[in-house]
Every structure is written in C-alpha cells, then in structure tokens.
Amino acid sequence: MSTMLIAVILLTLLALFFGVLLGFAALKFKVEGNPIVDELEAILPQTQCGQCGYPGCRPYAEAIANGDKVNKCPPGGTATMEKLASLMGVEPEPLNAEAQSQVKKVAYIREDECIGCTKCIQACPVDAIIGAGKLMHTVLTADCTGCDLCVEPCPVDCIDMIPVGQNLKNWNWRLNAIPVTLIQETPHEEKRG
Amino acid sequence: MLTLLDQLDKGTLWRSPGGIHPPEVKFLSNTTPISQLPLAQEYLVPVPQVGENCTLAVKVGDKVLKGTPLTQGTSIWHLPVHAPTSGTVVAIEPRASNHASALPVNTCVIAADGEDRWCELTPGSIELSNHEIIAKIHGAGIAGMGGAAFPSHIKLNPVSEIELVIINGVECEPYISADDRLMREYSQDILAGIGIIHRLLAPKRIVIAIEDNKPEAIKAMQQAVSHSTLPTGSTRVTVIPTKYPSGGEKQLIQIITGREVPSGSIPAKLGIVVHNVGTAFAIHQAVTQGKPLIERVVTVTGQNVGKPGNYWLPIGTPVEHVLKHTEFHAEADQKVIIGGPMMGHALPTIQVPILKGTNCILVPSSQEIGTTPEEKACIRCGECANACPALLLPQQLFWHAKAEEYDKAASYNLKDCIECGCCSYVCPSDIPLVEYYRIAKSALKQAADEKHQAERAKLRFEARIQRLEEEKLAREAKAKEAAARRQATMTSTDKNAVAEAMARIAAKKAAAAETTADNTPVEVVAADASSTEAPKGKAAVAAAIARAKAKKAAAAAQGADEAESSQQAVSSVQTASSEPSEPTEQSESLSQKDKVAAAIARAKAKKAALKADSDANGDTDIATDNTDKPATETTANAEVDDKKAKVAAAVARAKAKKAAAQQAESSEVTEVLPEHTADAKPESTNDSDDESGNKSSLDAEPSASLSPEDEKKAKVAAAVARAKAKKAAAQQAESSEVTEVLPEHTADAKPELNDESGNKSDSATDLNAPLSPEDEKKAKVAAAVARAKAKKAAAQQVESTEVAEVQPELVADAKPESTNVSGNELSSATEPSASLSPEDEKKAKVAAAVARAKAKKAAREANANSDANE
C-alpha cells in the first residue's frame with residue numbers, strides 16, 4: 001500500500017516539477033510573432049511593388065503564413081514561388097504567363113519631359129527617385145526595384161520601364177550556348193494513316 | 001623540426017594536389033627576343049579598366065601625349081589608365097570589350113599621330129617615402145600582370161605582417177613565354193622592382209619561383225639576385241617542377257610553403273604576398289622612371305601566326321593590328337584565344353584591345369586545338385577529382401550545375417574552383433566542365449546580387465516608412481503648436497470677433513427656427529423685430545439677440561399677430577434668414593471677399609429689421625417685453641466672451657459642416673423669397689440674386705474641368721476650406737465693425753443698401769487684388785477654391801432650380817446697382833483664374849485638381865442635401 005502511495009506521490013511531484021519547468025520555459029523563451037513570416041519575407045524579392053495585392057512584401061509574407069497562395073509574386077518569378085511552396089509545404093502553383101516572362105526592369109525618367117511634380121517620388125517605395133518640386137527628377141538605377149509604381153502617378157508619362165541590359169558584371173556564360181531544339185518524334189500510326 | 005624560413009632557404013618543396021602535364025609548346029615563341037610592332041592607327045583604351053567609378057580626364061578632340069592619364073578616380077580601387085601613345089582622342093564610346101562576351105564597354109579611342117611622344121615623366125628617387133612610392137605605383141595604374149589585373153598598390157600596402165613574398169615566374173600555361181622572355185632580358189629591372197617590393201613590405205624572405213622548363217630564365221634571375229643590393233639570404237630563386245597549374249597563386253603558395261590558403265581567405269592572412277615578375281618590372285619602371293603602365297609583353301603564338309614571339313604591346317592595341325603585323329593567316333573557323341589554351345577565352349571579334357592582364361594571343365591551327373568533341377555522358381570515373389588542384393569534386397559540381405541546382409553546387413565549394421580546366425582536360429567524356437562551372441558561378445553571383453539588392457530595398461523601404469511616420473508626427477506637432485498660438489492671439493484680439501461668430505451661429509439658428517415655423521415669416525418677423533430692438537450698435541449684443549431670436553420664435557408666434565407688419569420688414573427678415581444661411585454655407589470654402597460681403601449683408605439685414613421694428617414696435621408689445629430679458633442676458637454673456645473666443649474656432653469649423661444641412665432649409669426659404677420680395681424692395685433679393693447669378697454663370701467652368709478624381713487632393717481641398725472658414729471668422733470681426741458704423745449714416749434703408757452692395761463688390765475686388773500679386777501660390781489656391789465654390793454652387797443650384805428660374809426675372813426688376821454688384825463679383829472671381837492660366841501650366845493643373853476635388857465634394861453634399869430636402 002505504502003509503495004503505491006509513494007509511487008503516486010512521486011509521480012505527482014514529478015508532474016508538478018515538470019509542469020512548472022515547462023511553464024517557466026514557455027514564458028522565458030517566448031517567441032514574439034510568427035517566425036515563419038521572417039523566413040518567407042527573406043525569400044520575397046522586396047520590390048514592395050504591391051502586385052500581390054498587399055502593401056509590400058512583409059504583408060504578403062504574413063498573408064502566406066496565414067494560408068494565402070504562394071504564386072502571387074510576379075517579380076520573384078517561378079524560383080521564388082517554388083521556394084515559398086517548399087517552405088510552406090504546399091504544392092507549387094504556376095504563376096500566370098505574363099509574370100513568368102518578366103525580365104528585370106528599372107525605371108527611367110525622360111528628364112527633359114519631367115515637370116517636377118514629385119508624384120513619382122511619393123510613390124517610390126524604396127526612395128530610389130531623387131528630385132524636388134519643380135525640379136527634374138531622376139532614378140537611382142542601383143536602388144530601383146522595377147516595381148512600376150512610379151509609372152502610374154506620372155502626369156506627363158515621362159517614366160519608362162527599361163529592361164536591365166547585359167554588362168560584364170551580369171553577363172551569363174550560358175548566352176553563348178548553342179540553342180538546342182527539341183525534335184518531336186512523330187508516332188508511327190500517323191505515318192501509316 | 002625546421003622552421004618555415006629554414007625550409008624556404010633549403011628550397012624544400014611541397015606537393016600540390018592534382019594538376020596535369022599538357023604538352024609544352026613554349027618553343028614557338030620563346031626563342032626570339034621581345035620586339036616592337038609598328039604603331040597602330042587607333043588605340044582602344046577601355047575606361048575604366050579596373051575599378052568601377054572614375055571621371056574622364058580627357059574629352060573628344062583632346063591632344064594627348066604618351067602616358068597622359070585618361071581617367072581620374074578617388075576610390076582606392078580605381079586604377080588610372082594612360083594614353084598608350086601620343087595622338088588625338090577621336091571618340092569616347094562603347095566598343096567591344098576584350099571579354100568572352102565582347103559586350104560593349106566605354107572606350108576611349110585614340111588616333112595615333114605617329115610621333116609617340118612621351119609626356120613629362122617624373123622619375124622617382126631613393127628618398128621617396130613608402131607612402132609616396134605606393135602613390136606613384138597607384139598613379140602609374142599598375143595591375144597584376146599575371147592575368148587577374150588586381151590593383152598592385154593594394155597588395156603592396158599590407159594590413160598584416162608579411163613574412164614571405166613570392167615572385168611568380170612560373171608561367172605554367174603551355175603556350176605562354178612572356179614572363180620567360182622578360183626574365184631572360186630584363187632580370188636586372190625585375191630585381192630592382194623586387195627591391196622596391198622588399199622595401200615596401202619588408203618581408204623576411206623573397207622567393208622567386210620559376211618552373212624548371214625555363215633554364216635560361218632561372219640562370220638570368222640567379223645572376224641578377226647574386227648581383228643585387230638586397231640583403232644576402234633574403235632572396236632566392238626556387239625552381240619548381242613543371243606542372244599545370246603551379247602558377248596559380250594558391251597552388252604556388254602550397255608548393256613553396258606547404259600551407260593551404262583557406263577557402264574564402266587571402267594569402268596576406270598567412271603573411272604571404274604573391275607578385276608576378278611582370279608586375280615587379282612595371283613597379284620598377286613606374287618608381288624609378290615615372291613611366292605609367294602603358295605597355296606589356298604579350299606572347300603572340302600559335303601555328304597560324306607567321307612570326308610568333310613576344311612583343312611589347314601598348315595597352316589598347318587592337319588585336320587585329322597585332323595579328324596583321326605578325327603575319328597571321330586565318331583558316332576556316334579560326335579561333336583567336338586571349339590567354340593560354342587552358343584558361344583563355346575565345347574572342348567573338350578581333351576588334352578588341354590588349355588589356356593590362358592580357359598575356360597571350362593564341363591563334364592555333366585546327367591541328368593544335370581541334371574541333372570540340374561531342375559531349376558524352378559522365379561515367380563517374382573520378383579522373384577529374386584526381387586532377388583538381390583545389391581538391392574539389394568536379395563530377396558532383398557538374399552533376400548539380402547541369403541540373404541547375406546551383407545552391408547544391410555551391411555547397412560543394414564551387415566558389416573555390418579556379419577554372420584551371422584540368423578537369424575538362426582529363427575528362428574521357430569530353431565534358432566541358434569549366435563551362436558548366438562558369439554558368440553556375442554566374443547564376444550564383446546573380447542570385448547573391450539579387451539577394452543583396454532585396455536586402456537593400458527592404459532597408460530602404462523600412463527607412464522610408466520610418467521617415468513618413470516621423471514626418472507625420474512632426475506635422476501633427478506643428479499643427480498643434482500653431483493651434484495653440486492661434487488660440488493665444490485670439491484671446492488678445494477684439495472680443496467682437498467672438499461676438500460676431502456667435503451672431504452668425506444665432507442667425508443660422510434663426511433660419512432653422514424659421515423653417516420650423518413653416519412659411520409663417522410673419523411670426524418670425526415679429527420675433528426679429530422685437531429682438532432687434534435691443535442692439536445699440538454693439539455686435540456682441542446683436543449676437544446675443546440673434547440667438548435669443550431662435551428661442552423666442554415660438555412664443556412670439558403664439559402671442560403676436562402682426563399681419564400688418566410692413567412688407568419691408570418681411571423682406572428684411574427674409575434676407576436675414578436667407579442670407580446667413582448662404583454666407584455660412586459659403587463660408588466653409590468661400591474666399592475672404594465673400595465673407596466680407598456676407599457680413600455686410602447680415603449687418604444690413606439687422607439694420608433693416610431695426611427699421612422695421614420701429615414701425616412694428618407699437619404693435620408688438622409682448623414681443624419687446626420678451627426680448628428685453630434675453631438681451632440683457634446676452635450682454636452678460638458678452639462679458640464672458642473670453643471663453644467663447646476659444647469656441648469661435650470650433651464654431652467656424654462647425655459652420656462648414658452645418659452648411660449643408662442649412663442649405664436644405666435655405667433653399668426652401670429662397671423658394672418662398674421671390675414671392676415676398678416681388679413686392680418688397682428689390683435690394684433684399686439682390687444679395688441672394690448676386691450669389692445665385694454668380695453660381696449659375698460660373699457653372700459652366702467647373703463642369704468643363706470636371707474629370708477623374710483624386711482622394712488626396714480632395715483632402716487637401718478640405719483642409720484649405722477649413723482654413724478659410726477659420727480665417728473668415730477673423731475677417732468677420734473686422735467687417736462687422738465697418739458695418740456697425742453704417743446705420744448711423746443713413747436713415748433711409750433703400751439707397752444705403754445699394755451703396756453697401758456697391759461697397760461690397762468694391763471691397764471684394766479690393767481684397768482680391770492685393771491677394772493675387774502678393775503670393776502666387778495663394779492666388780492659385782484661391783482661384784481653385786473660387787472655381788470649386790462655383791461648382792458647389794452649381795450643385796446647390798440643382799436643388800434650388802426653382803429659385804434660379806425665378807431669379808432672372810428678379811434681377812431684371814432689381815436696380816441696376818445690384819446687377820453691377822453681381823457683375824463685379826463675377827469679374828473678380830474670374831480674374832484670378834484668367835491671370836493664372838497663362839502664368840504657369842503646372843500651377844493651373846494643381847488648381848484644377850483642387851477644384852475638381854471640391855466639385856466632387858460639392859456633388860456629394862448636394863446629394864445629401866437633396867436627400868434631406870426630400
């Protein structure tokens with residue numbers, strides 16, 4: 001009888017001890033926010049373009065963490081979508097055709113047409129446009145994310161999105177590769193027919 | 001156990017892993033001394049060559065001498081480039097680059113004048129300090145001559161203790177003999193250069209490493225060392241066995257010292273610096289003679305060159321020129337390779353210049369190189385892993401690079417691949433492994449760049465968000481401060497301002513009371529007439545009375561039965577009731593002149609009531625009795641006006657809001673108006689008439705400019721309107737003072753009213769006139785506001801179309817003075833906009849936008865009003 005009692009008491013004490021330990025740990029090592037959001041955000045291209053329907057990359061990362069689709073980021077392309085899908089453990093979904101053929105672009109202001117309205121400066125999410133009221137504006141191409149957000153507000157349509165050209169820095173050796181064409185094998189049945 | 005230095009002195013060598021022994025073809029070019037080629041017509045000098053940012057020191061058309069710097073830069077990474085010969089800068093434009101891609105880069109094209117005249121050189125001396133020597137080397141634009149073209153002055157400015165300097169004379173590429181010939185012919189100069197390096201770095205040992213396939217060079221260098229002034233025992237020539245790629249920096253360090261440079265590290269971390277023999281020669285030239293690096297020894301070799309050998313080629317010499325003067329004969333599918341056969345790259349075009357790192361032009365025949373065999377499947381034989389000097393696993397790298405799993409390839413230390421080509425050389429399946437690695441490397445680099453840029457973008461985005469937040473807070477704080485200041489000044493000004501504000505509210509209330517009385521103006525007249533008895537010129541009292549009016553309206557209606565009250569009184573009351581509503585409705589956005597006009601009109605109304613009151617006084621005893629009390633009450637109120645001053649601002653704002661509601665009521669009133677005023681004096685209708693006339697006349701403008709909306713602008717417009725309302729309160733105070741004097745002048749109301757209406761318009765234009773020149777911006781905004789008003793009026797017009805229809809007739813009946821007024825007002829309203837449009841297109845746009853926004857708002861309000869009406 002006493003052995004049983006001892007066992008019960010011992011187990012109760014143990015349970016209490018570990019309960020307190022776990023409770024303490026839960027408070028001490030509490031994680032603020034959802035850590036998956038940070039990981040998702042690190043994958044996103046940070047263009048802050050809003051093409052996903054959210055005001056910036058972090059809101060979209062939060063939305064994905066809450067179960068939104070992973071194929072809403074055209075600037076990131078298929079590679080980003082695949083990374084997001086693997087991180088979230090969901091099936092990769094194809095981007096729309098338009099987004100897939102996206103090339104990196106940067107904004108260019110035709111400076112002699114700029115009236116200095118500062119609307120594009122206000123629209124730029126990364127402060128990559130410099131200029132002042134009634135003075136010409138220009139784009140810091142190194143900082144431009146190519147998000148297109150400055151094109152819409154321009155009252156004189158002097159902003160172009162220009163694809164980033166090849167230079168010695170970003171040249172890809174693959175460009176010299178001989179293009180391989182795939183020849184479709186025609187089935188024998190059709191030949192006979 | 002021997003120390004490293006002892007082992008160096010003994011000449012102990014270590015074995016470097018991997019490596020291959022390709023057939024040596026140095027005999028093609030190493031038998032003839034280094035010679036010169038005739039000057040080219042044009043030299044193509046890419047600017048900048050090393051380092052990203054620089055400014056051009058010359059412009060098109062400039063005459064340059066041999067050695068003139070073409071670029072200037074501030075960055076430590078920038079290396080100046082110099083004119084390779086004397087001549088004229090004929091173009092600075094993108095030209096094909098000496099790169100596997102041949103992508104165009106900015107190139108300074110110099111047309112040689114044939115004189116090849118040096119610019120003034122400043123030879124250095126032994127007295128120079130280390131810092132000056134390094135500056136001289138930097139200024140001479142000396143880059144590593146081994147092929148990588150790393151700025152030499154950085155390697156000569158050690159951040160850590162340097163124990164060992166290795167002078168690289170290995171030259172392991174099978175075809176190249178440029179360093180070989182240089183060591184044979186210029187060993188003394190190279191040693192002098194080594195002396196300078198020794199002085200700058202003060203190493204414990206200097207080892208000149210030469211492969212054993214260059215016995216003449218070894219001999220020449222050993223002789224030079226024995227004759228040199230360097231401390232004995234500090235410098236030695238070490239002969240290393242021939243093996244490709246012993247000349248690689250890391251491989252050479254491993255052979256000489258047995259130590260491996262860690263991945264991602266630099267030799268300087270181990271206390272070792274490696275310089276090429278060509279660099280040592282160039283340092284000597286730069287420091288002792290002041291000659292910048294404008295030419296170098298280039299091996300021109302291959303079986304398709306008639307005169308293979310080594311040549312002093314100025315930097316910027318077109319490859320085409322070199323080939324032409326070395327009796328090059330092309331064959332079908334001729335390849336021109338820059339660099340050696342192992343690590344070089346084929347040129348897509350020969351219109352490219354010789355660069356600082358170009359050590360060889362190889363034009364092989366088809367027997368030498370052969371056609372690229374077809375790539376076969378990897379059989380996992382592991383030959384490549386044996387050959388790899390960097391101890392990588394080429395087959396794994398290839399596997400992942402081919403599958404485009406670049407991150408996995410990176411996990412196999414792809415970045416440590418030196419692209420020596422050993423793996424491709426030994427591959428039995430003829431797989432161009434290095435090509436795959438280059439693709440993978442560029443893809444990884446691009447991914448890294450994108451990631452870096454994304455991080456930057458994120459930082460900038462967050463910084464922007466923070467900045468906007470701070471700006472918002474600052475703005476709020478400023479607004480708060482301004483409000484506090486305004487309040488402070490308000491309390492100190494005339495109490496009449498407050499009183500006037502109160503009066504306006506009262507007037508509004510009266511209007512409301514009247515509508516509740518529902519078309520029984522007579523009752524209100526009684527109330528008005530009785531109440532207006534009390535004021536004796538004091539605006540404060542007037543205000544109090546006006547308020548009292550509202551309260552009394554009901555009682556007065558019950559007690560009094562003044563059907564006989566004069567029609568003049570009726571009309572005056574009508575104006576009193578209709579006008580306050582109109583000015584208040586306008587006051588939310590009205591310009592200052594309109595404010596004044598409204599004030600005058602109200603004062604008039606009061607006066608008229610006063611006059612009517614004297615007529616009706618006898619009949620309305622009860623009413624007067626009633627009004628006595630409130631009048632005194634409100635004078636008491638006026639004494640406590642300090643508090644109200646604070647309220648005034650709020651009231652003004654409230655007015656704006658109420659205006660819409662008021663409008664609904666006033667429209668009813670104005671509907672009634674025509675009937676009454678038809679018999680009554682036309683002046684009373686003039687005021688309402690003017691405004692409606694204005695509205696209708698201006699109607700067309702805004703509708704024309706009505707176009708897509710902008711929420712922000714609407715907000716701005718609203719803010720402007722509110723500001724105006726506040727300002728109007730202050731203005732009201734002044735104008736009330738003016739109008740207070742008026743009653744004393746005239747006993748007869750009729751002509752006086754006309755005068756006032758005339759005054760009104762005058763003052764309106766007067767006010768407007770000093771405004772527009774005063775400040776362009778304000779004028780613009782005012783114009784926009786005026787236009788917006790007109791639009792709003794138009795919206796209101798929709799509701800009170802009946803009024804508008806009746807009014808033209810009334811205008812016809814009305815006295816000419818009144819129409820003048822409307823005309824004046826019209827012109828004053830349109831003037832600013834007219835003067836604006838030519839002035840500045842942009843401003844006009846802004847104004848239009850504001851006006852549009854107002855129009856939108858007005859429409860919305862109008863809808864609300866009409867709803868309320870119904």
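Chain letters run A, B, ... following the sequence lines, proteins first and then strands; every chain starts at 1. Just so you know, these numbers use all the heavy atoms, side chains as well, and skip hydrogens, waters and symmetry mates.
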Between the CD1 atom in Ile465(B) and the CZ atom in Arg58(A), the distance rounded to the nearest 0.5 Å is 12.5 Å

Can you tell me if Glu471(B) has over 12 outside heavy atoms packed within less than 6.0 Å of its CD?
yes

Bottom line for Lys458(B): the part with an atom under 4.5 Å from chain A's heavy atoms is both

Check the surroundings of atom NZ in Lys451(B): do more than 12 heavy atoms from other residues, nucleotides or ligands lie under 6.0 Å from it? no

Bottom line for Ala142(A): the part with an atom under 4.5 Å from chain B's heavy atoms is backbone

Of Ile43(A), Leu44(A), Asp143(A), Thr47(A), the largest count of non-hydrogen pairs under 4.5 angstrom with chain B goes to Asp143(A)

Residue pairs meeting salt bridge (Lys or Arg N to Asp or Glu O under 4.0 Å), one or both in residues 149-158 of chain A, sequence neighbours left out, come to none

Requested in this report: Taking atom NZ of Lys408(B) as the centre, report whether more than 12 heavy atoms of other residues, nucleotides or ligands fall under 6.0 Å from it.
Outcome: no

Turns out that what part of Cys124(A) lies under 4.5 Å from chain B's heavy atoms comes down to backbone

Check your understanding: Do Arg460(B) and Leu140(A) come within less than 4.5 Å of each other through their side chains, counting heavy atoms only?
Key -> yes

Interface check, chain A: of Glu462(B), Gln446(B), Gln453(B), most non-hydrogen pairs under 4.5 Å belong to Gln453(B)

**Message:** Just so I know, are the side chains of Arg464(B) and Val126(A) near enough to count as touching, which here means a heavy-atom distance under 4.5 Å?
**Reply:** no

Okay, Pro45(A) and chain B: the region with an atom under 4.5 Å from a heavy atom over there is backbone

Hits for ring-ring contact (aromatic ring centres under 6.0 Å, His included) against Tyr108(A), two or more places apart or cross-chain, chain-then-number order -> none

